[in-house]
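What follows is a short report on a single structure.
All values below were derived from every heavy atom in this structure, side-chain atoms included, with hydrogens, water molecules and symmetry-related copies excluded. Read the numbers this way: they start at 1 and go in the same order the structure lists the ligands and their atoms.
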Amino acid sequence: MEIMVRTKTKTYPVILERGILGKASEYISRKGRVFLVSDDGVPETWRALLQRQYPGAHMHVFLHGEPSKNMDTLRRLLEDMAEHQVARNDTVVALGGGVVGDLAGFAASVYKRGISYVNIPTTTLSQIDSSIGGKTAVDLAGVKNLVGAFWQPDAVLVDTDVLATLPARHFSNGLAEAVKEGLTFDESLFEIFEKDDYPDHIDDIIYRCLMIKKGVVERDEREEGERKLLNFGHTIGHAYEASHGLAEYLHGECVGMGMLAIMDDPALKERLKAVLQRLNLPIRCDNDKEEVFRLLRNDKKASHDRITIVQVDEIGKGYLKEVEIDSLREKLI
Ligand SMILES: NC(=O)c1ccc[n+]([C@@H]2O[C@H](COP(=O)([O-])OP(=O)(O)OC[C@H]3O[C@@H](n4cnc5c(N)ncnc54)[C@H](O)[C@@H]3O)[C@@H](O)[C@H]2O)c1
Ligand SMILES: [Zn+2]
């Protein structure tokens, strides 16, 4: 299945096809050489499958995990690109989860003032959410995604076969973003998680999420309006993430708790809680609420007392709402 994403800066295909990793080179421009990027948590089988298609090409592999998404890893990656004389018409190919995509995409956006990159996402989170839309970044000073760029890929190749090796915790983690898209845009997507054996529907779930995100990104690439809806659960979620040192809880897990915390309607909260539990996602975490609130305030650089959040009172209909920042303190769970 091919979805064309048309943004102001670039039009590119997202191709969703089982087994596409094994023939990725057919879909990647041959105009220059490729520079492959992955992390050591991506199973060797998948890395070798890509590398076999490019005999002699270099693969830069860094230590897996969110703590690697920083300026040091970025610098080493850029230095390695320079050492291998990556040229302006070469292509960076990212194989991995959101961390690899964000780092490799950011490196591609600044190297020689911007070169091509192709994203091959290998986690549910990256296949559902981070691989399209062009947001790239690294964390700095304890703040998530503080330094980054909008840089659209040339193509995104989504192969759900690679999810077979993904640990269950990461499989569920990414699905939190799909639950978010259901809550904000598509009631029937949310209902898959309530009623069905969702792993059997993984291709459909990913396709529907990509279609939702494509539409949003096309209408609002720079997040000036509608794209903000994709941040449902993220205001509080990011604070939970930061309060646990960007490591203990995963991004999707924090987003799940962030959505649960921010919702007002008790009946909807119960429905979400049941879905999170079905997905084995946490519904509360040990935290110091004052610390979480302080991080939330810092993250939003809230110089004034009001911020815009995303709210859902009816499934499938997320909307933006301005609230007193202090009102979020009592919502924390
Ligand atoms: N750019 C965006 O729009 C955007 C959106 C949402 C999230 N993000 C970012 O994405 C990151 C999280 O991404 P993630 O959840 O994919 O985490 P991740 O990239 O850390 O991957 C999770 C773990 O799974 C391993 N892995 C990857 N593919 C695998 C496979 N097929 N089988 C077995 N193991 C595999 C990785 O090595 C890693 O250890 C965060 O940094 C978040 O900020 C970015
Ligand atoms: Zn997210």
Please lay out, stage by stage, how Asp203 and Thr160 fare under the test side-chain hydrogen bond (donor to acceptor under 3.5 Å, both in side chains). CA-CA 7 Å; Asp203 292 75; Thr160 49; 2.8 Å; yes
Would you say Asp72 has more than 12 foreign heavy atoms packed within less than 6.0 Å of its CG? yes
Could you find the nearest protein heavy atom to atom 6 (C) of ligand 1 and give me its residue, atom name and distance? Asp129 OD2, 3.5 Å
When only distance counts, is Lys144 in polar contact with ligand 1, meaning an N/O pair under 3.5 Å? yes
Nearest heavy atom to atom 29 (C) of ligand 1 wins, so pick from Asp102, Asn173, Leu103, Leu166. Leu166
Check for me, please, whether Trp151 and Leu95 land in the same ILVMFWY cluster - side-chain distances under 4.5 Å, paths through other members count. no
Mind checking whether Gly98 has an N or O less than 3.5 Å away from an N or O of ligand 1? yes
Non-hydrogen side-chain atoms of Val162 and Ile120 separated by less than 4.5 Å: no
Quick test of your reading of the structure: of Leu125, Leu230, Asp139, Asp159, whose heavy atom lies closest to atom 12 (C) of ligand 1? Leu125
Regarding Lys214 and Glu218, does a basic nitrogen lie under 4.0 Å from an acidic carboxylate oxygen? yes
Any N/O of Lys69 closer than 3.5 Å to an N/O of ligand 1? yes
Counting backbone and side-chain atoms alike, does Glu177 have an N/O/S atom under 2.8 Å from the Zn ion (ligand 2)? yes
Between Arg227 and Glu221, does any side-chain N to carboxylate O distance fall below 4.0 Å? no
What I want to find out is whether Glu194 reaches Arg271 closely enough, with some N-O distance under 4.0 Å, to be called a salt bridge. yes
So does Lys228 pair up with Asp220, basic N to acidic O under 4.0 Å? no
Considering non-hydrogen atoms of the protein only, which is the closest contact for atom 38 (C) of ligand 1, and what is the distance? His64 CB, 4.2 Å
What atoms of ligand 1 come within less than 4.0 Å of a heavy atom belonging to Val42? 27 (C), 37 (O)
What protein heavy atom sits nearest atom 4 (C) of ligand 1, and how far off is it? Ser130 CB, 3.1 Å
With respect to Glu66, determine whether any N or O atom, backbone or side chain, lies less than 3.5 Å from an N or O atom of ligand 1. yes
So is there a nitrogen or oxygen of Lys135 less than 3.5 Å from a nitrogen or oxygen in ligand 1? yes
Look at ligand 1 and say whether Pro43 reaches it with a heavy atom at a distance under 4.0 Å. yes
So that I can tick it off, tell me whether Arg208 and Glu181 are bridged by a salt bridge, with the cut-off set at under 4.0 angstrom between side-chain N and carboxylate O. no
Side chain, backbone, both or neither: which part of Leu250 has a heavy atom under 4.0 Å from ligand 1? neither
Using distance alone, decide if ligand 1 has a nitrogen or oxygen within less than 3.5 Å of any nitrogen or oxygen in Val162. yes
Looking at Lys273 and Glu270, is any side-chain nitrogen of the basic one under 4.0 Å from a carboxylate oxygen of the acidic one? yes
Residue, atom and distance of the protein heavy atom nearest atom 20 (O) of ligand 1 read Val99 CG2, 3.4 Å
Tell me which part of Thr122 gets within contact of ligand 1: side chain, backbone, both or neither, using heavy atoms under 4.0 Å. both
Contact check, side chains of Asp326 and Arg297, non-hydrogen atoms, under 4.5 Å: yes
To the nearest 0.1 Å, how far is atom 36 (C) of ligand 1 from its closest protein heavy atom, and which atom is that? Asp39 OD1, 3.7 Å
Residue, atom and distance of the protein heavy atom nearest atom 33 (C) of ligand 1 read Thr165 O, 3.2 Å
Short list, please: which atoms of ligand 1 are under 4.0 Å from a heavy atom of Gly41? 25 (C), 26 (N), 34 (N), 35 (C), 37 (O)
Under 4.5 Å between side-chain heavy atoms, hopping through other hydrophobics if needed: is there a path connecting Met263 to Phe293? yes
For atom 16 (O) of ligand 1, what's the nearest protein heavy atom and its distance? Thr123 OG1, 2.6 Å
Considering only NZ, NE, NH1 and NH2 on the basic side and carboxylate oxygens on the acidic side, decide whether Glu17 and Lys23 come within less than 4.0 Å. yes
